[in-house]
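Structure record follows, encoded as structure tokens.
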Amino acid sequence: MGPCRLVGSKAEEKATGVCGATLPVVAARNFLRKVAAGTAAHSDHARDMAYTLLEAATGEAPDFKIKDEIKLRKLAGILDISIDGRTKEDIAKEVAEKIISQFGQQKGEVVFVKRAPGKRQEIWRKWGIVPRGVDREIVEAMHRTNMGVDQEPENLMTAALRVSLADGWAGSMFSTDITDILFGTPSPKRSEASIGIMKEDEVNVVVHGHEPSLAEMMVEVSQESDMLEYARQKGAKGINLVGMCCTANEVLMRHGIPTAGGFLNQELAVMTGLAEAIMVDVQCIMPAIAQAAKKFHTKVVTTSGKGKMIDAVHIQYDEHRAKEVAREVLRLAIDNYANRTTEGSRIHETSPVIAGFSHEYIEYMQGGRFRASFRPLNDAIIAGRIRGVVGIVGCNNPRIAQDSVHDYLAEEFVRNDVLVVSTGCGAAACAKAGFMTPETALEMAGPGLREVCEAIGVPPILHLGSCVDNSRILTVVTRMVEEGGLGDDISDLPVVGIAPEWMSEKALAIGCYFVASGMYVIFGSESPVEASSQVKNIMMNQWEERFGGKLEFIPEPEEILKKTLEAIDGKRDRLKLRKYEPGRFGTERKLMTMADRRKLEAAARPHEGVK
Ligand code: MSK
């Protein structure tokens, strides 16, 4: 009696389960469950971060300090917490407590809803999708989808948007803000990407997963002289910390630690034969790595009580003794250096990458410390130098050649003067492809976008961080609205969100909160609701009418590109902006022939005539 799936020959709109639940009900129910699971993942991560902030403030987690006091004070302001005459620890304690209370809040509105544009908040209130508390929305979603509760596809799908908002405008946003306060708000760092970053003569330790607390400690202890000396005693020249998946994005953005890649690269890290240890915590960790590791010397080390794995070593993380735990993992890796036996294989090439574009830095780079704003970006869009903005986010999945759609779309958008922001494994894909350097603007970008990137000195594809950092995209689009000239709501902006190679329930939660925030969102690969035209109609038409955003699953990359550009141009028309004209700005690069050169010289010296 459930949870049901209607598949195979019965997968027709009129099919029902034994209880009478129709196919659209079952499809909507399962979709809501997935969105709730994705929201739970991001938000439980956020809860751990909030407790780390609390214990850093009270001194119970002495290895953690408050690194970004400005951001802490700003956040206190948003939370209506007084800062006058108080120490940063005192403020941080109240900030952490207030955020922790948001998880269990039963009534009212989660506090960060007020960060959205006013018009957006009204839309949410009108349709009753303002989340009350993070846990309440997740629990209610699980209840509604239990056998015999919510039997109406439309009602179930509306609930999916509400629970997703508890992710984007609460859980994920809490996590991003707290992580910045504890470990520093990212600013651009130069580093490298690809499996080629593994070093033959050093102890390679891969940090993989999502929560950055223990990885931050690994960054610190891997630079301690005692640890480096211990590694030398064991015959290694040094310690090479390597990131994987979203933990990689966190330590890349803040410390320039190189990234080995995204979700589908994890087994490859083992297969290099060079990984002494892969330290994991939660989310997107394949059990297969422990099985692959049996053929090599690699130790897979689980560190979260929530995420244990057969055939892995477990070293429990404890924020009260965080550095001690990090040293324990590192020593295990160093001791394992001498055990390399089976020869692995790998590529040796790496790509340069500039990562670390927090929304604060994006604002700063457009006007410096005293005139930071989004004005130049909005003006460039209004003028048509930049056609629009696209977020390419989300995972890889084994049904698609890894990174192929991420890379294809990123390249084509940039060529078409569309600024790209990227997070998660999408960002890892672009980093490995070598797209995240300012030089990319010169090599690939359309002339208008190239001009803007050259003026500011940034890549045309900006690395905004990990999966929870999709909340930074919400802040960026909100700031664009506030800056003026591009309508008065997120749904007016020429922006589109894309998850071309998605696989995780977290990606569905992200997609839904972008839609509820007013964006057109396209997912590649396969649709989890393909069998139900009614549910697809809700996602495409009803959501667009009510919320100004819609969700569409499009497997063909060329079609994703076409529909995105059409949507951007459609929004430009509605805003009555200048029609985008390719090549209108800047100078098209062109190979000069000798005849061209002579013409130019003659134009410069008209009195001499052409010889
Ligand atoms: S790691 S959720 S595979 S983006 Fe955040 Fe990558 Fe998707 Fe996991």
Side-chain angles (χ1 to χ4, degrees), residues 34-46 48-49 164 167-168 171-172 175-176 179 193 206-212 215 242-253 259-269 278-289 304 306-307 355 391-407 409-410 420-432 461 463-473 497-514 521-526 528:
K34 285 176 195 291
V35 176
T39 301
H42 285 150
S43 302
D44 206 35
H45 164 171
D48 283 347
M49 296 310 301
S164 77
D167 180 352
S172 285
S175 182
T176 296
T179 307
V206 183
V207 289
H208 172 23
H210 280 78
E211 292 180 16
V242 169
M244 177 71 70
C245 255
C246 276
T247 302
N249 292 325
E250 300 278 3
V251 289
L252 169 66
M253 297 246 292
T259 174
F263 177 65
L264 285 187
N265 287 122
Q266 53 193 293
E267 289 162 291
L268 301 186
I278 299 189
M279 183 188 91
V280 302
D281 56 4
V282 289
Q283 301 170 25
C284 302
I285 296 148
M286 290 189 189
I289 55 174
S304 167
K306 295 174 208 167
I392 304 183
V393 308
C395 328
N396 310 123
N397 81 62
R399 294 184 178 181
I400 296 176
Q402 186 183 2
D403 300 339
S404 58
V405 193
H406 285 290
D407 292 350
L409 291 174
V420 175
V421 296
S422 192
T423 62
C425 294
C430 292
K432 284 180 291 171
I461 303 172
H463 190 311
L464 259 66
S466 64
C467 302
V468 289
D469 290 337
N470 281 303
S471 65
R472 293 191 204 275
I473 298 179
I498 306 173
E501 300 179 24
W502 78 281
M503 63 83 199
S504 167
E505 291 163 322
K506 291 181 289 172
L508 291 176
I510 294 164
C512 283
Y513 71 65
F514 277 169
V521 175
I522 302 176
F523 273 48
S525 194
E526 288 171 31

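Just so it is clear, the model here is predicted, and its values are computed rather than measured. Order of appearance sets the numbers: ligands from 1, and atoms from 1 within every ligand.
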With sequence neighbours left out, write down each residue that passes ring pair (Phe, Tyr, Trp, His ring centres under 6.0 Å) with Phe523, or none if nothing qualifies. Trp502, Phe553
Would you say the side-chain atoms of Asp403 pair up with the backbone N or O of Asn396, donor to acceptor, closer than 3.5 Å? no
Rounded to the nearest 0.5 Å, what separation is found between the OG atom of Ser175 and the NE2 atom of His210? 10.0 Å
Under 2.8 Å from atom 7 (Fe) of ligand 1, which protein N, O or S atoms do you find? Ignore water molecules. Cys395 SG
Please round to the nearest 0.5 Å and tell me the distance separating atom OG1 of Thr176 and atom CE of Met49. 9.5 Å
Straight-line distance of Met286 CE to Phe263 CZ, nearest 0.5 Å: 3.5 Å
Would you indicate whether the side-chain heavy atoms of His42 and Asn470 approach each other to under 4.5 Å? no
For ligand 1, which part of Gln283 has a heavy atom less than 4.0 Å away: the side chain, the backbone, both, or neither? neither
